Amino acid sequence: MFNSLPGFREFYPEECARRNYLFDAFRRVALRFGFKEYDAPVLEPLELYIEKSGEEIVSQLFNFTDRGDREVALRPELTPSLARLVGAKASSLPMPVKWFNIGEHYRYERPQKGRLRAFYQFNGDILGESGTAADAELISLLVEILRVLGLTEKDFRIRLSDRTLWFLFLEGLGFEEAKSFEILSILDKSEKISAEKTNALYQEILGAKAKETALKIEKLKTIQDLEELRKFLDSEDLNTASKEKLDARLEDWTTLIGYLGGLGAKSFVQVDLGIVRGLAYYTGFVFEAFENEGQFRALAGGGRYNDLVAKLGGPELPAAGFAIGDVTLTDCLDRRNLLPQGTENPEIITILGGETERLEAIKDITILRRAGFSVAYPLKNQGFGKQFKSAGKSGAKIALIYGGDELSEGKVKIRNLSTGEENLVDRSDLEITVRGLF
RNA sequence: GUGGCUGUAGCUCAGUUGGUUAGAGCAUCGGCUUGUGGUGCCGAGGGUCGCGGGGUCGAAUCCCGUCAGCCACCCCA
């Protein structure tokens with residue numbers, strides 16, 4: 001026997017049912033929000049990802065040279081493909097574009113808890129709208145999906161941060177953009193490493209100003225609501241130009257939070273400038289859905305990426321989006337018993353006396369199947385006892401019993417498998433009777 | 001790429017200081033059972049004890065290596 005490759009899962013019917021349950025929720029809620037479903041190739045030119053993320057990315061991709069000497073890679077993410085799709089038709093697509101996708105993605109990394117080499121992601125994006133209403137729409141879509149799956153304020157929160165605000169603040173303190181990047185990169189790590197290590201890193205890049213700056217950064221990180229944030233920024237001694245820009249930015253914050261209130265998402269959202277989400281391409285509001293207890297793992301994350309479409313060769317197009325990974329989410333739901341157990345069962349199971357009865361029963365079964373019922377029957381002849389046993393285990397609601405006695409009178413016996421109640425009906429009335437039972 | 005832990009049946013596990021032919025429960029299949037089910041009774045299949053090597057009269061058990069899984073680091077689009 002062969003094993004599956006490391007980091008790739010196999011979906012037996014039980015797991016497949018759970019996976020599809022997730023997908024159904026994703027799709028249902030996204031459609032409810034007016035997003036349209038799209039899809040893109042799983043295999044793309046390697047260049048597409050190098051363009052976005054640099055040469056280093058290659059070591060984390062499933063890539064190879066195809067028979068036409070093309071360098072190709074399995075998609076590690078969807079955003080570059082999306083940017084290409086939208087970029088190519090930007091002038092004719094009605095804006096804003098609100099699109100979603102559910103698909104498998106691949107990363108050649110060491111598998112570990114919450115991270116595999118093949119995983120599914122829900123991606124939701126809005127392109128062509130730079131206003132905060134788009135950010136609000138995305139955040140509330142994320143909240144709504146998690147809510148529909150049974151998670152509450154107790155289970156998760158959305159940590160909302162803002163790269164624009166960070167850069168303005170650091171600019172106000174007198175740092176250039178490059179320095180600000182370095183500072184934010186330390187900030188990103190600080191959640192995982194010790195305070196001493198963090199301080200050492202600040203020391204390294206800031207020298208004499210390290211202590212003072214680190215304190216301010218730490219303070220900003222701990223702020224948890226908008227008023228506090230406003231007060232803090234007012235009290236800081238920043239240069240005038242930055243201060244004005246920060247004031248304008250705080251207006252955006254106020255607007256965004258206002259929208260989130262109306263969208264029913266506010267109670268899930270927490271101001272938390274401690275997240276900056278990598279450094280690659282986000283430009284404005286960024287957010288992550290976090291479990292409140294336990295693993296400290298992000299369930300989902302996203303933000304605004306206004307420069308990316310142009311960077312990938314498309315037009316200037318403001319954009320924002322997020323992704324939900326299936327691995328940590330499944331884990332989270334499973335621990336809370338929020339996933340369905342077992343598989344889809346047939347609604348009706350058939351019990352056959354023998355070969356003569358089988359020949360008659362399959363005619364009725366076909367009628368019922370064509371009427372939309374799911375009907376199972378044994379493929380080889382078995383004793384009644386055995387058949388009743390498996391009928392009981394099948395999860396079906398009713399059993400149709402085709403024995404010699406019934407057939408000789410042109411009837412079939414319908415047994416309710418939960419109550420044990422039985423009724424004899426004419427075969428000609430079977431479909432209508434069954435309809436009445438569902 | 002680095003480190004730690006764990007590998008016995010499909011699953012959960014037992015297996016004595018190394019001692020005959022490696023066990024149990026659950027699951028599966030068959031029979032009792034061509035007329036009434038989940039939880040009855042009887043039975044069967046299923047194992048190169050992760051793999052390779054070493055040492056021993058003798059290894060699931062001890063030693064070395066290796067592979068896989070999990071966990072952590074790195075990375076995280």
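Proteins come first, then strands; the chains are lettered A, B, ... in the order of their sequence lines, and each starts at number 1. Quick caveat, the model's predicted, so the values are computed rather than measured.
- Legend: residues meeting side chain to side chain contact (heavy atoms under 4.5 Å, CB included) with Thr164(A), ordered by chain and number and at least two apart, are Asp162(A), Leu168(A), Arg249(A).
- Residues that satisfy the side-chain hydrogen bond (donor to acceptor under 3.5 Å, both in side chains) test with Glu144(A), not counting sequence neighbours, are Arg147(A).
- Heavy-atom distances under 4.0 Å link RNA chain B to Ile401(A), Gly403(A), Gly404(A), Asp405(A), Glu406(A), Lys413(A) of residues 395-414 of chain A, given in residue order.
- Within 4.0 Å (heavy atoms only), Glu357(A) reaches no atom of the nucleic acid at all.
- Look at the C1' atom in both U2(B) and A44(B): the space between them is 49 Å, to the nearest Å.
- Each of Asn416(A) and Tyr49(A) lies near RNA chain B, and the nucleotide nearest Asn416(A) is the one positioned closer to the 5' end.
- Evaluation of the side chain to side chain donor-acceptor pair (under 3.5 Å) test over residues 22-33 of chain A, restricted to residues two or more places apart or in two chains, returns Arg27(A)-Glu37(A).
- In this structure, the nucleotide among U36(B), G35(B), A77(B) sitting nearest to the side chain of Phe388(A) is U36(B).
- Distance noted for atom P between G15(B) and U8(B): 14 Å (whole Å).
- Nucleotides A14(B) and C49(B) place their C1' atoms 13 Å apart, quoted to the nearest Å.
- G1(B) and C13(B) have their C1' atoms separated by 36 Å, given to the nearest Å.
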**OP:** Would you write the dot-bracket representation of RNA chain B, where each base gets (, ), [, ], | or . depending on whether it forms a Watson-Crick or G-U pair under 3.5 Å and with which partner?
**Re:** (((((((..((((.....[...)))).(((((.......))))).....(((((..]....))))))))))))....

**OP:** Kindly indicate, with the supporting measurements, whether the criterion ring pair (Phe, Tyr, Trp, His ring centres under 6.0 Å) is fulfilled by Phe35(A) and Phe100(A).
**Re:** CA-CA 6 Å; Phe35(A) 283 67; Phe100(A) 78 96; 7.2 Å; no

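- The P atoms of U28(B) and C70(B) are separated by 27 Å, rounded to the nearest whole Å.
- As rounded to whole Å, 15 Å separates atom P of G38(B) from atom CD of Gln387(A).
- Rounded to whole Å, atom P of A77(B) lies 20 Å from atom CD of Glu104(A).
- For residues 388-404 of chain A, every residue pair satisfying the side chain to side chain donor-acceptor pair (under 3.5 Å) rule, not counting sequence neighbours, is listed here: Asp364(A)-Tyr402(A).
- If you check every strand for non-hydrogen atoms under 4.0 Å, Pro80(A) touches nothing.
- Separating the P atom of G19(B) from that of C41(B) is a span of 34 Å, rounded to the nearest Å.
- Considering only side-chain atoms of Gln112(A), the nucleotide from U34(B), G30(B), C73(B) that sits closest is C73(B).
- With sequence neighbours left out, Ala399(A) forms a side chain to side chain contact (heavy atoms under 4.5 Å, CB included) with Ile349(A), Ile351(A), Arg415(A), Leu417(A).
- Phe62(A) and Tyr108(A) have perpendicular rings, their planes meeting at more than 60° on a 0 to 90° scale where under 30° would count as parallel.
- Across all strands shown, Lys380(A) has heavy atoms under 4.0 Å from sugar-phosphate atoms exclusively, and none from any base.
- Nearest to the side chain of Lys386(A), among U34(B), G30(B), A77(B), sits G30(B).
- Residues that satisfy the side-chain hydrogen bond (donor to acceptor under 3.5 Å, both in side chains) test with Lys363(A), not counting sequence neighbours, are Glu360(A).
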Review item, nucleotides 1-5 of chain B N/O atoms under 3.5 Å of protein N/O:
from: U2(B); atom 1: O4; to: Arg110(A); atom 2: NH1; distance (Å): 3.4

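- Remark: Arg110(A) pairs with no residue by the side chain to side chain contact (heavy atoms under 4.5 Å, CB included) rule, at least two apart or across chains.
- The side chain of Pro76(A) has A77(B) as its nearest neighbour among C74(B), G37(B), A77(B).
- In summary, Glu15(A) and Arg9(A) do not engage in a salt bridge, as defined by a charged side-chain N under 4.0 Å from a carboxylate O.
- Looking at Glu51(A), its side chain never comes within 3.5 Å of a backbone N or O of Leu48(A) through a donor-acceptor pair.
- Rounded to whole Å, atom C1' of G37(B) lies 13 Å from atom CD of Gln382(A).
- Rounding to the nearest 0.5 angstrom, the gap separating the CG atom in Leu260(A) from the CD1 atom in Ile158(A) is 9.5 Å.
- The base of G40(B) lies close enough to the side chain of Lys389(A) for a donor and an acceptor atom to sit less than 3.5 Å apart.
- If you measure from atom OH of Tyr12(A) to atom C1' of U28(B), you get 14 Å, rounded to the nearest angstrom.
- At whole-Å resolution of the value, CD in Glu109(A) and C1' in C74(B) are 10 Å apart.
- Of the C1' atoms belonging to C26(B) and G45(B), the separation is 16 Å, rounded to the nearest Å.
- The side chain of Leu61(A) sits closest to A77(B) out of C74(B), G38(B), A77(B).
- Residue Gly392(A) is in base contact, counting any heavy-atom pair closer than 4.0 Å across all strands shown.
- Computed from coordinates, the Lys113(A) NZ to U6(B) C1' distance equals 16 Å when rounded to whole Å.
- A donor-acceptor contact under 3.5 angstrom links the side-chain atoms of Glu422(A) to the base of U36(B).
- Taking 3.5 Å as the limit, the base of C71(B) and the side chain of Arg115(A) contain no donor-acceptor pair of atoms between them.
- Residue Ile351(A) is classed as having no contact, given no heavy-atom separation below 4.0 Å to the nucleic acid.
- Judged by closest nucleotide on RNA chain B, Leu5(A) is the one of Leu5(A) and Tyr108(A) placed further toward the 5' end.
- Look at the C1' atom in both A24(B) and U34(B): the space between them is 36 Å, to the nearest Å.
- Rounded to an integer number of Å, the gap from CG of Leu116(A) to C1' of C71(B) is 14 Å.
- Atom CG of Leu424(A) is separated from atom P of U36(B) by 16 Å (rounded to the nearest Å).
- Not a single side-chain hydrogen bond (donor to acceptor under 3.5 Å, both in side chains) links Glu406(A) to another residue, sequence neighbours left out.
- Partners of Lys216(A) according to the side-chain hydrogen bond (donor to acceptor under 3.5 Å, both in side chains) rule, which considers only residues two or more places apart in sequence or in another chain, are Glu236(A).
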